[in-house]
Each structure stands twice: as C-alpha cells, then as structure tokens.
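To start, the structure under review is shown below, and the notes come after it.
Reminder, nothing fancy here: chain letters follow the sequence lines and each chain counts from 1. What you see is a predicted model, and the numbers here were worked out from it, not measured in a lab.
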Amino acid sequence: MKKLKTYKLVTILAVLLSVPILISCEKNFGDINVNPNAPTVTNPDFIFTEALINGAQMDANRDFGIWAGLTASDEGLERKDNYFLPSELAINTWRDCYSIVANLNEIVKIVKDDPYYVNKLAVTRIWRVYVFGRLTDLYGDIPYSQAAMGNTDQFLIAPVYDTQRSIYLDLLDELKDAISTINVTTTALGNYKSADIVYGGDLTKWIKFGNSLRLRMALRISNVEPDLAKGIVTEIMTQNQIMAVNGDGFHFKFNKDFKPATYYFYSAGLARILPSKFLVDMMLQTSDPRLPIYAQHPEKGTLLTSYRGMPSELTVDERIAADYNFKKASHVGSYFLREDVVGFTLSYAEVCFMKAEAAFKGWGATPADAETFYNQGVLASMSFFKTFTPSNDLQKDPFAEITVAQINTYLSGPGKFEGTEEQKFEKIITQRWITLYQEGGYEAYALVRRTHYPKLTKYDGSPWDLDNDFIQRMPYPIEEYSLNGDNASAADTRQGKKVWWSK
Amino acid sequence: MPSGNKKSSSGKTRFLLLMFLLCLLGYTTFAQNSKVNLNLTNTSIKDVFKEIEKQSQFSIFYSDELIKNITVKNLTSKGETALTILDKLLPQYNLRYELNNNIIVILQAADRKSKTPEKHTVTGKVTGADGLTIPGVNVFLKGSNEGTNTNINGEFTIEVPGQNSTLIFSFIGFIRQEAEAGNLNTLDIVLQQESVELNGVVVTALGITKEKKALGYSVSYLKGNELTTVKDPNIMNSLAGKSAGVQISKSAGGPDASTRVIIRGINSLQGNNQPLFIVDGIPMNNSNFGQTVASAEGNDVGQGFELGSGIGDLNPEDIESVSILKGPNASALYGSRAANGVIIFTTKKGTKRTGIGITFSTNTTADRAVYDRVYQDVYGFGNNGISPVNADGMKQFQDQTEGSWGGKMDGTPFIDWDGVTRNYDPQPDNYKDFFETGYTSTNTIAVAGGNEKAVYRLSYTNLSNKGISPNNQFGRNTFTLSAGADLTPKLKIDTKVTYINHEAKNRNFQADGHSVSRNYIHMSRHVSDASLRNYEKADGTQNVWRNNDRQSNPYWVAYKDYNGDTRDRIMGNTSANYTFNSWLSLMGRVGIDMYNAKTKQITATGELTRLGSDGQLYEAMQFSKEINSDFLLSTHKSLSSKISISGTFGGSNYYQQYHSSSGRTTRSSTPNFYNIQYSKDNIIAWTVFSEKKTQSLYSTAQVEYNKFLYLDVTARNDWSSTLPVKNNSYFYPSLTGSFVFSEFLKTKDKVISFGKLRASWAKVGNDTDPYRLESVFNSAGSYNGQPLVTISTGLPAVDLQPETTISYEVGTELRFFMDRLGLDLTLYKSTTSNQILNADIATSSGFNNALINAGEIANKGIELQINAEPVRLKNGFSWNIIFNYAKNLSQVVSLTNGLNSLVLANHWNLTVEANPGEPYGNLVGVQIKRDANGNKVIGADGRYVRGDRVVLGNYNPDWIGGITNNFKYKRFSLNCQVDMKVGGEIYSATNHYGMEKGVFIETLAGRAEWYASEEARKAAGVTSAAWTPTGGIIAEGVLADGTVNTRYMNPETYYTQFATWTKEIHEPYVYDATYIKLREVYLSYKLPEKLVNRIKLTSAEVALTGHNVWLIYKKTPNIDPESVYNSTNAQGVEYAALPSVRNLGFYIKVEF
C-alpha cells in the first residue's frame, strides 16, 4: 500500500514537471525568433514613396538658406559665423541622403531583373541621381561607387570616396540612360502610379524632370567642364523635353502629417530662421510683389510699419544694440507657414532661368532668347502662388494673388532685363536666387558658390569675402572620421576648401 | 529540452561531458552508505560525534549542556553506518537525533513525564536576533534536571511544575537566558548571539545550501535585520554599502525610480550589466519599465521620466535573506543571464508552531529635500549688470531673458514676467518653496503558522509615498501567500503567490522643459514662488515666465499636466521535492512572473510645445510574462570515511514574452480632452511583441576530502532561440576549490581560529535579444493613404556567436581571536570577449549600425571585508565594525576593427564612451586649449581658446567602500552605516548652464568690480578697447605670446564662453564625484518581555531610522555627486537632478 502511494506521487510529480515542458514545445524552437514586428519583404512602391518624401522634405530645410544669404537666424551667432554650422546639419543631411540611397538600392534589387518593372527602375534611378547630386554639391568628394552597399554580400561598411568630377560624369550618364529607358508608350508596364506622390505616375513629367535636372547639373559644371556642359545643355535645349509650365515642376505637397521644418519653428514660437536683411532690403528696393508672400510685417505692437529683415552676421550683443530680435524682425511669410505648403525641388521658373543662362551663353539658343526666357521665369515665379494655392480650410491668411499688372510693372521697371552683359547675367542669377527662396536654400547655396551672385553684403554694406567668410564645402560628419577615417581624410586632403565645380 | 536541433560536433563533446557527470552521479547512486569504523573506550560522547563526523558525510550539531559529562565506555563498530551507530548509542543516554540532509541534530529523547496537577505546558519558539529560529536549544527548568530541546523549527514544549518556574535557554554560540514561565502557556524567546556565526550555511546557485567553508568563490550573505532595519521602498537601495564590490546607485527620478546594481564592474559593452535577481529560486524580471519621452521629438538622455525597474516591486518586508553571488564563478550554474552575478532573495516562510503568529510593523519616514544648490541673491534679470527698462523708465522683465546677469535687486518697483508690478527683491527660497515634505509609510501585517504537516505565511504590505514635489505620489500593495506541506514524509510541496499592485502619479520629469529643477537653473533670481503659483491664465493657457516650448511653469506641470502609471504583477511558483532515500532527492519547480502595466501622459491644452498648444497624449499598455521551469536531481554520498561526493543534474526552460501597445496624439482635437482617437493629426500608434526561449541542462559535482578540501565542478549547456541555429548551443564549465587550512593543520591556535583559501575558474556564455538576425522594413506611417516603408537602419548580424566571459577568482577567509576579527579577501579577473555589439558604422554605407561580434572588455579587482568586535563587555555592551572595500579596474581591450569609440550617451556633445585601451565609461568633451607648457590659452578676444575633444574623466570610481558600526547595550542597538565612493568623475550640466545663467553663488565673484570698472570707463568716455578694466574676473591662463593673463573680464562673458551653442567647453564642469555619506542610522529598543507579555504581545521593538542622513563630503558644487539620470550604462552625466531626499522616521514592530 505504501509503495503504491509513493509511485502515485512520483507519477503526479512527473506529470507536473512535464507540463511546462509540454507548454514550451508548442512552438518550434527555430520559429520563435521570427520577427512579428516588422516584415522582411515589402512592396517597392512603399519604399519609393518614403524615399521621395524624405528627399523632398529636406529641400524645405531652411538652414541652407542661411548659407545662401536668403535667411538669417535669431539664435546666438557670433561674427564670422553667419554660416555657422550646426554639426547635426552636416550629420543629418549626410545620413538621410545615404539612407535614401540605401532604400532606393533595395528597390533596384527587387525590380531590376523583371522587364515588367522597367519604368519603376528608371524612375528610381533618376531619383537616386538627384539625391547623390545633392550630396556631392554639399560635400564634394563623397562615397559613390561603393556607397550605401552595407546590405549586400560585400558588407561594405567603409566605402571609398570618389572624386566629385568622376561622380558628376557618371551621374550625368546615369541620368541620360535612365531617362532613355522610360517606356511611355506601354502604360501596362508597371510604374509607381499613386505611389508616385509627385507626378502620379505621369512618366512624361519624369522625363521632363530628368532632363531639367540634367540641365541644372550641366550648368553647375559649366565653369570647370565647359565643353562637356555645352554639349549636354545644347542637346537638352534642342530636344526641349523639359518643364514647360508651373504644373511640370517637381513639388512635394506637405500635409498635416508631413509639415515643413519652418512650420514647427514658428508654431513653437521659435524663430530660428527669418528672411534675411539682404533679401528684404533688395525686395523693398525693387518693390518686388513677392515680398508680402515671402515675409510678414514684424509683430504688431512693435511700431515697426515696414518689412525688416534679420541681419545675418551680428553677434548677440550687436543685435541687441541694433534692436533686432524675433519680435522686431519680419517672419517668414504665412504662405510658407501653412501645414500644406508646396515644397520645391525643381520648379518650372527655375528651368526658365536655366534656359536664360544657356541662351546667354549661346548654348542651344541665341543670346537674344535670354530675355524671353528671363521674362518667362519671372512670370512663372510670380504666378506660382496662384497655381499652387493651398486649400482653404488650412489657410491662415487670405492669399494675396500677384496680378499680371504687377508682374508687368516689375518687368518693365526694376526687374527689367537690361544693362551690361555682366549685369544681365547677374539679373538671371539673382532672379533665380529670389525664386529659390521658395525652396529651402540648398540649390541657392550652390548657385551663389558657382556664380558669386547676388553680391551678398554684410550689415554695414561691405561685401562678403566668399572665400573666407563662407563655408564653401560642408565638412564630413564627425562619425565618418571615426568610422571611415582613412577614406574621409584622404578625400579632405585632395580637395581642399572648395568643391570641384566652384573652383 | 531542445528537439529538432542539429548538434554540432563540439555540441557532441559537450553532451558527452554532461553524460560523464551524470555517470558520476550514477556511481554514487549505487554506492552504499559510508561505513564508520570505531573502536573507542572511555571517550566523551563529544569525541564520538567528532569521529563519526570525520568518517561520514554528516555534520553533528548538539549542545554542550545536553551531552555534558556523558562518557561512552565502549563502542566498537565495523562497517556500520553512522545512523545505525547513533540509533544504538543515543537511547542509552536518553538522547535522539533528527536528520536534515546531512546535518544531524542531537536532541533530548522524549520527556519523562510525571503527572502532577499543578503542572502546565509552556510552548514557544526560540529565535535569534535575526529572526531565524534556532533548533536544538536547551530548555531547562531552573533548579531541576528537567529539560527539552527546541525542534528543527525552534519550537519547544515543556511542562512546568507551578507558577514560579523559571526556564533557562542555552545554546552554543548564544548568550544564556532566563525567563519566568509563570502561568504562561506560550513563551517566545530571542537569544542574542555570542560571537560571530560559525560555519555559516549559505544559499548558493540553484538554491543549493552549502557550508560557507566549502565554497571556492566569494558570496555575501545577509539576513534578517541586516537588510531591513532602514527601509527604502526599493530593497536594493537598502543593500547599498553592505557588501564589498556591489555598487548600487539610485537614479534621480524620485522614490521609486530604478536602481542600478553593478557587481565587479562592467562586462558587456552595450548589454545589460546588472545581475540576475532570483526570488525563491525563480528569476525575477528586472527590466526597466521604460522611460517616456516628454514630447514627440527625440529621446536624448534625460528626456521624460523613467518608470522604475522590476526589482523595485519586491517587498522588503517579505525578505528573509539575501545571497550575493558576485561573479561568474559563483553563478555559472545560472547560465547566460548570470554573467554579471546573481542576487538571490529568500522570502519568509511560515513555521511549525502552536497558534497563529501575527506580526505587525510600521515604518514611517518624513522625506525632506536636501538642497545642494547655492544661489546668488544679489542680481536679477538682464545682462551686463543692467535690468532693461521700458519706455517709461521702469524696469520690465523681457520674455527673451533667461538667467540673472542683470541689475541689483534693489527693492524698487518693476514689471514682472506676468505683467504684475512688484518690488525688485531676491527670492532666495524660490527653489525650496516649490518642494514639500513628503512621507513614506510602510505597514505590514503578516500571519504565519503551521503544524507538523504544513506551514503557511500570509502577508500584506501597503506602502504609500507622497513625494517632495507637489501632487507626486505613489503607492504599492503587496499580498503574499506562501505555503508548504509535507504530503508524505518524502514528498514536500511549496507554493507561493505574490500579487503586487503599484500606482504612481505625476512622476518628476528629468532634464527637459517639464523639469522642475531645470526651471530654477534658467530663471532669474527675482522670480517669486507666489508668482509661479498662478500658473494658468484666464483663457486657460499656461502662464509661464518664459513663453516658448523650452520651459514650462513647474506648477502647471504639477497640477495641469498629468502622468500616471499603474502596474499589476503576479509572481508565483510551485515546487515539489521528493526524497527517495537519504542520498537522493528530486525537485521540480514552475514559476511565473507576469505584469500588466499602463502608462498615461498628458501635456495639457494651453501649454506651448513644438507642435502647438492643443495638448498631447501618450498612452501605453505593456504585458510581460516569464515562465521558468526546472528540475534538479540531487545526491550526496560518502565514498569512504574521508571522501564524500555530492552532485546534481538538472535542466531548465525559460520563456519570456513581452507585448506592448502604445499610441500618441501630437495635437488633441478637442481642448482639454485626451483620448487617442481625438487627434488632429494621424494617430501615431505602435505595437511590439517579442518572445525568447532558453533551454538548459546542467550538472554539478562536488568532492569533499576530510572536511578541509573541497572541489566543485559545474557544467551547463544553453540553447537560445535568439542566436542562429548553428550557433545557438553553447557550453560552459566552471571549476572551484576550497582549502580550509585551519582544519588541515588542526591548530588550536588562539590567534587564528579559522583559515581558508579558495580559487575558481569559470566560463559563461551570453545570448542576445530576439529578432536581431534578419534585415527588416519599418513602417513610416502613410502619406495621403500611401503606405510608407523604409529599410531598418541597422544591419542584421551575420553568423552571430554567443558572448563569452571567462573569470578567475582567488580568495581567503581568515578569522582570528575566537572569531572576533574576520577578514575576507578576493582577487578576481574576468574577460568578456566576442561581445555582441550594435556598432555604429559609417552612414555612407547606407546604414547607421550593424550587429557584430567584436570587442573585449576586461575587469580585475579586489574585494575586502573586515568584521571585528573590538569591544565586548560583561555588562552586555558590544561594538561591532564591518568594513568593506572594493576596487575594480576595467579596460576596454578592443572594439571592432578600426573603431576607436563606442558612444554610450551624449549630452550637449559631452559623450560617454568606451575607448580601446581605456577604462569603460570615459567622459569625452571639449577642453580649454593648452600650450606646450600645459597652460590654458587665452585668445585675442580675451576668452579661452576652444581646445580638442579629449577624455575629461571616467565615471567609474577608484574604489567604493562602507563602514558599519553597531553598538549594542542590553536592549538597545545603534547602527550607523557610512558609504563612500572615491574617485570617478561626473559632468554636471546643472553647473554648466547654471553658471552661464549666473544664478549660482560662484558667479558673484568680480561682478560688482566689473560694473564699477565699466561705470568708470563710460564716465571717462573711453572705448572698451582703449580701457584697462579695474576689476572683474581674470581668466587663469596665458596669452598667445606666453605671458600670463592679467586682464579683467566681465564675469558674464567668462561664464558664457563655456556655454555657447555649438562652441561649448565642458572641461570646467567635469568634477570629481567622490563622496562620503552617512547613509543609515538606526537606533532600536526592544521592549522587555515582561512588559510585552503583560500587554499580550510576544515581542515589541521600536526604532528611530534615518536614511541619507548626512552628505559628509563632496567635491561637486550645487549637486549631489550621486545624481544620475537612469540605470543604463550611460552614467556620469547629471543635469537638473531633483534634490536628493533625507528620510527620517520611526519603526515599530510587534508580534503577538
């Protein structure tokens, strides 16, 4: 009897012990580590939309506008630090751009071997060129041929730096090739359609954007590779498959979930970035009808009745002495402070000014055409705001439409295309620069470095020394020196202060 | 046990080794009970016992009283077992024995009862001062030979003849005590220990109880009052300073903030470095409950507030004892999770006794802020000694102004920040006025009892705390029921269930704009508490002294914003123990630890944030579950009279599951209404699920030779679900030895009473977190209905291997002068290699980081503990000292190839890093430039030249230590514990910003002189350049030409030069973090039994307690050097920490 009891108990014990083991056997040991929180495969469309937004959103970053003289900050700057560099800007821009490239590379991996996806592949490649172009314009020599290839069998985590020249030549080829593979005749061939939140899958517009980008890039290298530039510009001007109306522009529409950085600054009562004194003074002087859209009156109650730009180069003490602060300077215009403002990546107006510059140079058009293109550009720039009026429910202030009469007055008055050849060139560039205020400032910063126009001046009217007062090239992020040090240092040594195309 | 896994060839070897150990066990199974050979004549029974002990695996406990004068005339035994001999021998002397494992307790045989009418029965329990029951105590009727012994549970029953009987209690090692039995039926006795405990028995890995002398590694064992005299809501804080080499730091986030426990330094570069916590054999989840972020952007160090960590849920009142296994050597059997040591808690159990024992205790403290900041109260808002005036010439505060570099607060009328005209007076107490006196009250009632078959204990503890800041409170209820039963003489089961309910409200924010402490760094010294208390405008928006998203009115944060979190946690386990025979037993156990937690955080409508002032809501639900099941087969066997072996074979299965859902609205759609659905923007919501499983087999074998030599081998193999299948099995062994030379030499030396040498070697492996082996795509929300997806910025691991820690340890334990002086010394070295690192990689690779195996970190150190009893007087006065000291040197041997820094944290570009060739935890920041001679260089503008980023310090202390003094006099006991941490640095952003803002007293120097100099200059009509200032502050250093700087500068310029955005210089604000603290004071008085019994109580004790009593020494101005943000590896950075808290109170404990 006693024995039996013991065995019973042992049995109970054994059953008790086996319960947890049985429970634990529910799921195969190997399956337990399958991630339920994120997928390992996805639809390339989803990646593409995100890559477009990320790139386009960066274009609205007005930090670059400070470097282009379009805007100024009310933060604690010191003399000569107008172009002060928040180190996070250098880090974030670099990191974000390479991350976009890595994502675009993932799309290429998925679509490249399927002829059905020829258009998705082409559009992805065009956007990749845009992102790489921006990187090299800011930093000069950068990792390119081995870039963003961490997630490959090579596990490339310390890519070499290529020279800007070789990158530019390759990007221009890549762009031309990508455009040429677009097949607009067969709509059945897979393209991004609604995932293409900029052009809605309109492949003709992608061709126009691609060629306009080629024009921009070719002009960029016109000082250092004039022959090559001339060939490409002439080809584009002749074929004329470029943007022709404001609606062709590459514009990203912000919405309540994707707001531009400026919106955040202002809604938080932080100015950070204000229209610069140089810009406001210039627009006041020329009675530019865009000024009420670009800037606001200083805050009510300050007794300041006119627009007042923020000087760029004053120290905190000097600014107090000169009575400048957030409240006593013009804010960025309310048009740009809407949640649903339209962002700029490449606009038709800018294409007009690029065409004017090409004509001025006699590349693919005669110098006589320059004025036509110039006038078209000013018209496009000023009528842009009517084309892209934000929806009423999100409107802060009633939109001030610029009338045709106002435009004509401007074009026949202070905005007239006249003067010496150099003055005409300056006008083309300056108008393009003013137009680029709508963009965050990345392109304007490149423009100023290449052309040295407009002639930026300091608070006291003395000119900026572009070689010494300016940061001509963004420094590589600190992390590149610690994590890819040999390559980064070698690139630094061979380039010096300036990027190749501005030399 | 894993099924379906391919075993690699090395896996086979490991399997064979396990089998070998199993065979060893098997061998013992077939061995007979060890034989004892005796041939004694006219020997004292004591010596008989000694001889039996020598020849068997048994330890025999007895009282001298009991066997006094017993001489065994003749005893011969050939090949009989010890128990057979005792069976024959003891009845001759009216003795018997009880057997517990291999411990034999000699007892008085059944009482010889004579029936006399007046007699009555007295029952009771004998415990030590530590609350543990004492078996085998002699209980004698005074003036007779009548007596008994307490049983294994310390209980006794004795018949006394009449009303005037006195009982005498005596036991080896304790002070003899008399008590009047009177007409009492129950009589509980507390015996005072006579000297340091002998041959202590400690709880080691897997709950295996071992004699301390047999251990080849260092273990700290604390029990009873040592733990709970002065209580902190978090038991770990009560352990601070009590064990050599255990570093305990509490983060600055309030009373139930997390506590960081580090034993012997940092082993894992990025991983968890805290020990494993075991409660009654079951691991307790100690992961942090998380740290919320204050707003929708960023999660820099110090944002938001933290929610505490798991171990904080443990109820200090339920703890019976704590074992601290300090390194891999002691904890190898626990496997992966124990590479950083193990802390084993044993909770209180019921006891076999008559009647119900009820214990009630209350501990209430008043908690007051300790203010380390010393403010200046001379100058107010403005700059350059001038407070701005408005058009009417009246001083007026301007919204843009922070800090206190303005004009003298002269009492004249001015317009304050809220538009109210006040007198321009300093507010020396505005910071102090914000804080209140808090209190913490812990009340416990426990009911315990049992009979021969079963025991139980039921306890309920309520802890309620009101914090030092307004509207901050938390409470905790803990219910514990534990029960054990002997179902049969061989089968024993134990069960315990604990339910914890935790609720906190308005925890304090750390260093962001919601932080109270941060406000008082930035605001001018004229801002009065009264003006701040008017925190809401008539239109419902926040009334704040600086109207931007960077500061919030602290009262608004306390009363309008809301944060709260609740947690319901259940921990339970059941174990069954079956004893097959005297040498083999099997234990099986299942434990579960699960909780549901909810967090809610509201930024009230009307408060300006970066996203506007609509109000924000963050809400999260978390569920966590851990199931541990294990079995252990144990055996103990004597092979011969000198050699005995014991061993175990066991296995365990660990399963962990975590699930959370959280949501955030960045802008509420309805003012003052907070629900995730009511959002202006896309609702941001996310869910996380993770699970992990580890399966293990392990075995141990211990060989004991002649009671002086011990050798221990352990082997364990783990299979982890988080590693690649081909690498998921890993094996690690350990080997330890102990040599008790005092026993070997058999010296009856009067100086050395005990001496032991120990040594050990161990290897431990470690796995990683779930889901790190594959590249994934992350959702990035949607744009007008288009889904957005991006590839994860981290590269997955390729061929990931487990981490490995190899550790050596040698030590000695010496006791002198009849144990009145004891010394325990340990030297150790451990190296963790093949670390699983989430390494930053160049972002031009397209990715931010990659999971790799690389990196090695080494730690070596020394631990010393000295116990002494310098004074012991006949009148009952005694003085005990415990001193402990630990020094750990860590070295980051290597990171991944080419990587020279691993950033652990970043605050304002001061980074906490691991750098190869240097100790872990470097503080890297910008220094002042030095010339070739090491002088600070001053530029043409009179300011310091910004130097390079260099290592400015390291957060690890040179050494840590503690001294505890205990004085006893009769019923009084006074305990004082002093903690110290020497060396190590801390970066104080409180000082960095506070000096820049001119609010601290240090910034007064030179101001009046500079302003006078400026007056004189203006009067003379001279430009600054042409003027030689006559006063101010002189920056110490040399000019470009090498000459010593003598020019005065504006103190405001001096302090702001270090703190300009993007041009900060950190060097002046990295301080030596040395401190000495009087951590605990405890004065207790035990009420006399007579008095206590009269009011129907069994015992009563009252005490005065003090925690964080006095910061004796520090080198950091304006802050407590112990302040840290949280319990992660990112230590050594302080910003806007709340004041530390001093708790003074009383403790009452009664039993009835």
Side-chain angles (χ1 to χ4, degrees), chain A residues 5-6 9-10 13 16-17 20-21 24 28-30 32-33 35-40 42 46-47 49-50 53 75-76 84 86-87 94-95 98-99 101-103 105-106 143 147-151 155-159 194-195 197 255-258 264 267-270 325 479-480 482-484, chain B residues 2 4-5 400 487-488 491 547-549 576 578 588 590 608-612 627 629 631 653 655 681-682 688-689 691 693 721-722 725 770-771 773-778 780-781 783-784 786-793 795 840-848 850 899-901 1060-1062:
Chain A
K5 205 174 167 190
T6 306
L9 285 163
V10 173
L13 194 63
L16 275 176
L17 278 173
I21 292 164
S24 66
N28 193 309
F29 199 66
I32 212 168
N33 210 27
N35 192 340
N37 304 310
T40 50
T42 194
F46 304 166
I47 313 177
T49 312
E50 170 71 3
I53 292 176
E75 293 275 342
F84 87 104
S87 55
W94 179 277
R95 181 179 285 184
Y98 277 109
S99 167
V101 175
N103 277 287
N105 285 351
E106 290 298 316
M149 287 168 74
N151 200 23
F155 193 62
L156 267 168
I157 58 169
S194 60
I197 52 166
N255 68 11
K256 63 187 174 60
D257 300 314
F258 295 90
Y264 289 110
S267 59
L270 274 174
N325 64 39
E479 62 200 35
E480 279 291 314
S482 59
L483 301 168
N484 192 14
Chain B
N5 283 324
Q400 292 269 311
L487 295 184
T488 74
L491 182 64
N547 195 29
N548 64 15
D549 70 331
Y578 189 81
V590 188
L608 189 65
T609 71
R610 200 176 156 172
L611 301 169
I627 303 173
S629 43
F631 74 92
N653 185 8
Y655 175 75
D681 308 314
N682 265 358
V688 173
F689 178 86
E691 57 180 349
K693 191 186 275 187
S721 68
T722 61
V725 171
Y771 318 136
L773 307 176
E774 269 190 302
S775 187
V776 294
F777 292 95
N778 296 323
Y783 174 89
N784 291 348
Q786 291 298 324
L788 306 177
V789 150
T790 170
I791 191 162
S792 159
T793 54
L795 284 175
D840 285 350
I841 55 174
T843 49
S844 47
S845 68
F847 298 85
N848 298 352
L899 188 65
N900 46 34
S901 127
T1060 309
W1061 192 39
T1062 72

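When every heavy atom of A:F258 is checked against every heavy atom of B:A780, the shortest pair comes out as CZ-O, 4.4 Å. In plain terms, the two heavy atoms of A:I157 and B:A842 that are nearest each other are O-CB, 3.6 Å. A pairwise comparison of heavy atoms in B:P787 and A:F46 identifies CG-CE2, 3.4 Å as the closest pair. Between B:Q786 and A:S194, the shortest heavy-atom contact is NE2-OG, 3.0 Å. Nearest heavy-atom pair, A:T40 versus B:F777, reported as atom, atom and distance to 0.1 Å: O-CE1, 3.4 Å.
For A:E50, the side-chain hydrogen bond (donor to acceptor under 3.5 Å, both in side chains) partners two or more places apart in sequence, or in a different chain, are A:N54. Considering only residues two or more places apart in sequence or on other chains, B:T793 meets the side-chain contact (heavy atoms from CB on, under 4.5 Å) condition with B:N848.
Ranked by heavy-atom pairs under 4.5 Å with chain B, the first of A:V101, A:T49, A:N103 is A:N103. Looking only at heavy-atom pairs under 4.5 Å with chain A, the residue among B:L773, B:N778, B:V776 that has the most is B:V776. Ranked by non-hydrogen atom pairs under 4.5 Å with chain A, the options B:A850, B:P770, B:S775 are led by B:S775. Per-residue heavy-atom pair counts under 4.5 Å with chain B were compared for A:E479, A:E480, A:M149, and the maximum is reached by A:E480.
Residue A:L156 touches chain B through its backbone alone, counting heavy-atom pairs closer than 4.5 Å. Interface residue A:N151: backbone and side-chain heavy atoms are both found under 4.5 Å from chain B. If you measure heavy-atom distances from B:L795 to chain A, the contacts under 4.5 Å come from the side chain alone. For a residue to count as touching a neighbouring chain, one of its non-hydrogen atoms must lie under 4.5 Å from one of that chain's; by this rule B:T790 touches chain A with backbone and side chain alike. Residue contact with chain B, scored on non-hydrogen atoms closer than 4.5 Å, involves the side chain of A:P143 exclusively.
In this structure, the side chains of B:E774 and A:N35 stay at 4.5 Å or more apart for every pair of heavy atoms. Side-chain contact check for A:P36 versus B:Y771: some heavy-atom pair is nearer than 4.5 Å. Contact check for B:L788 versus A:I53: side-chain heavy atoms found under the 4.5 Å cut-off. Residues A:L483 and B:D840 have side chains in contact (heavy-atom distance under 4.5 Å, counting atoms from C-beta outward).
Atom-to-atom distance recorded for B:N784:CG and A:N255:CG is 5.0 Å, nearest 0.5 angstrom.
Here the side chain of B:D681 pairs no donor or acceptor atom with the backbone of A:D257 at under 3.5 angstrom.
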